[in-house]
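Written out below as structure tokens is the structure these notes cover.
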Number of protein chains: 2
Amino acid sequence: MRYRRDDVVACALRVLDDHGLADLTMRRLAQELGVRPSALYHHFRDKQTLLAAVADEILVRGARPLPDGPWEERVRSACHSLRDACLAWTDGAEVVATARAFRLGAAAPYDELTGVMTHGGVEPRLAGTAARTLLHFVLGHVLEEQAHRQAGSAGAIASDPTAGDHTADFDSGLAMILAGLGVRTGL
Amino acid sequence: MRYRRDDVVACALRVLDDHGLADLTMRRLAQELGVRPSALYHHFRDKQTLLAAVADEILVRGARPLPDGPWEERVRSACHSLRDACLAWTDGAEVVATARAFRLGAAAPYDELTGVMTHGGVEPRLAGTAARTLLHFVLGHVLEEQAHRQAGSAGAIASDPTAGDHTADFDSGLAMILAGLGVRTGL
DNA sequence: ACCTGAACACCGTTCAAGT
DNA sequence: ACCTGAACACCGTTCAAGT
């Protein structure tokens with residue numbers, strides 16, 4: 001009796017990946033499910049809530065266990081895991097970032113990061129600031145990478161303007177933030 | 001003969017600040033200007049281009065000269081200037097971040113940051129990575145602050161959930177990134 | 001509980017035609 | 001050059017009514 005809701009989310013994920021966030025409308029989704037648009041409002045209060053559920057599902061499907069080791073390595077791994085989870089879906093970062101901004105979901109990465117850091121002995125207040133800083137970086141970086149990718153496929157920009165390896169740049173920025181955290185934590 | 005375009009941007013800024021980005025529609029803007037919606041397309045190719053012009057105007061109006069001093073202080077000042085420019089308008093960060101993502105404008109902060117750093121002796125490649133990392137942080141931070149503010153005024157959330165001083169948290173995160181950059185640059 | 005039918009109040013954009 | 005009139009192809013959401 002609860003399986004209908006999950007069907008809607010699964011279908012939304014398919015539409016998202018095939019056509020992008022702009023085409024993920026309530027009407028389009030309903031059509032894909034063979035149902036009237038108004039039927040969707042039996043499962044979700046509004047579109048925002050539905051997108052939050054999609055964001056959570058993106059994170060669940062991309063979840064990876066953290067490796068054992070020093071907390072800095074576990075933080076680095078969690079950030080890579082979040083990046084990969086977002087990159088796995090068209091406009092994935094935008095969906096997750098929006099859900100986070102509206103505080104309707106996507107809380108898992110924040111909780112995971114603060115958990116790893118406080119467990120590693122980082123003072124809670126600093127851990128919170130560091131986690132938010134890391135999340136701004138990760139989501140901002142993937143947002144830019146995906147926006148850039150879709151601009152390229154739209155034909156507005158030929159080839160690669162900033163060029164370069166996105167993963168290497170991500171590693172570099174992440175290392176910078178972790179080094180700064182290390183200074184404040186006595187690494 | 002060119003003043004009409006600026007009038008449209010000025011009016012858009014007013015609508016944005018009074019009613020938010022969601023209410024800044026082409027039809028609403030046209031109504032406010034006493035013109036038909038189709039007239040706007042004589043001045044801007046589409047809504048995205050208009051919003052990019054609004055983003056640039058937000059940055060121009062919030063521009064501040066950088067202080068003399070070590071480049072680290074100049075970078076810090078530039079980040080605060082960008083934050084204040086975005087905070088000065090309802091949904092300011094979202095407008096600027098979107099324009100940046102679509103590469104339709106809002107390039108000034110990136111150019112300013114990389115300029116300050118390379119002039120200060122930071123290797124160009126590292127300066128680019130640092131500038132993008134800083135921009136992800138600044139815009140992500142303000143985005144969260146403004147989304148949170150509007151959620152509060154919408155009545156969904158009573159008072160302040162994360163509580164705390166946004167400016168202090170901003171300073172803390174910014175200091176962390178700069179410390180990390182210092183490690184890689186031999187500060 | 002879950003869905004339909006039908007409506008309400010909107011969107012961005014195009015394009016021939018006017019001045 | 002700048003704008004109107006009119007249309008096209010859509011949106012999210014609500015709500016009485018059905019089963």
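Just so it is clear: chains get the letters A, B, ... in the order the sequence lines come, proteins before strands, and each one is counted from 1. Values below: every heavy atom of this structure, side chains too, minus hydrogens, waters and symmetry copies.
For dT4(C), neither phosphate oxygen OP1 nor OP2 lies less than 4.0 angstrom from any side-chain nitrogen or oxygen of His42(A). Side-chain N/O atoms of Arg27(B) include none lying less than 4.0 angstrom from OP1 or OP2 on dT13(C). Distances shown here put every side-chain N or O of Arg36(B) at or beyond 4.0 Å from the OP1 or OP2 atom of dC3(D). Side-chain N/O atoms of Arg28(A) include none lying less than 4.0 angstrom from OP1 or OP2 on dC11(D). The phosphate of dC3(D) (OP1 or OP2) has a side-chain N or O of His43(B) nearer than 4.0 angstrom. Taking 4.0 angstrom as the limit, Ser38(B) places none of its side-chain polar atoms (N or O) nearer than this to OP1 or OP2 of dT4(D).
Taking the six-membered ring where tryptophan is involved, the planes of Phe170(B) and His80(B) are perpendicular, since the angle between them exceeds 60° and thus also 30°.
With rounding to whole Å, Asp46(A) atom CG is found 17 Å from dC15(D) atom C1'. Atom CG of Leu40(A) and atom P of dC11(D) are 13 Å apart (whole Å). The separation between Asp23(B) atom CG and dC10(C) atom P is 10 Å, rounded to whole Å. Nucleotide dT4(D) holds its C1' atom 15 Å from the CG atom of Leu33(B), rounded to whole Å. One atom, CE of Met26(B), and another, P of dT4(D), lie 14 Å apart when rounded to the nearest Å. When the P atom of dG12(D) is taken as reference, atom CD of Gln31(A) falls 12 Å away, rounded to whole Å. Per the geometry, OH belonging to Tyr41(A) stands 15 Å off C1' belonging to dT4(C), to the nearest Å. Between Leu29(B) atom CG and dC11(C) atom P the separation is 11 Å, expressed in whole Å.
Ion pairing of Glu145(A) with Arg149(A) is present here, as a side-chain N (NZ or NE/NH1/NH2) and a carboxylate O approach within less than 4.0 Å.
The closest donor-acceptor contact from the side chain of Asp91(A) to the backbone of Gly20(A) lies at 3.5 Å or more, if one exists at all. Distance alone, capped at 3.5 Å, is enough to place a donor-acceptor pair between the Asp46(B) side chain and the Thr49(B) backbone. In this structure, Thr114(B) contributes its side chain and Tyr110(B) its backbone to a donor-acceptor pair below 3.5 Å. Judged by distance alone, with hydrogens and angles left aside, the side-chain atoms of Thr98(B) form no donor-acceptor pair with the main-chain N or O of Val95(B) at under 3.5 Å. In this structure, the side chain of Arg74(B) engages the main chain of Pro67(B) through a donor-acceptor pair within 3.5 Å.
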- Note, DNA chain C 5' to 3' with Watson-Crick or G-U pairs under 3.5 Å encoded as ( ), [ ], | and . gives ||.|||||...|||||.||

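Closest-nucleotide positions on DNA chain C for Ala39(A) and Leu24(B) were compared, and the one nearer the 5' end corresponds to Ala39(A).
dC10(D) and dA9(C) have their P atoms separated by 22 Å, with the value rounded to a whole Å.
Distance from the side chain of Thr25(B) is smallest for dG12(C) among the nucleotides dG12(C), dC3(C), dT13(D).
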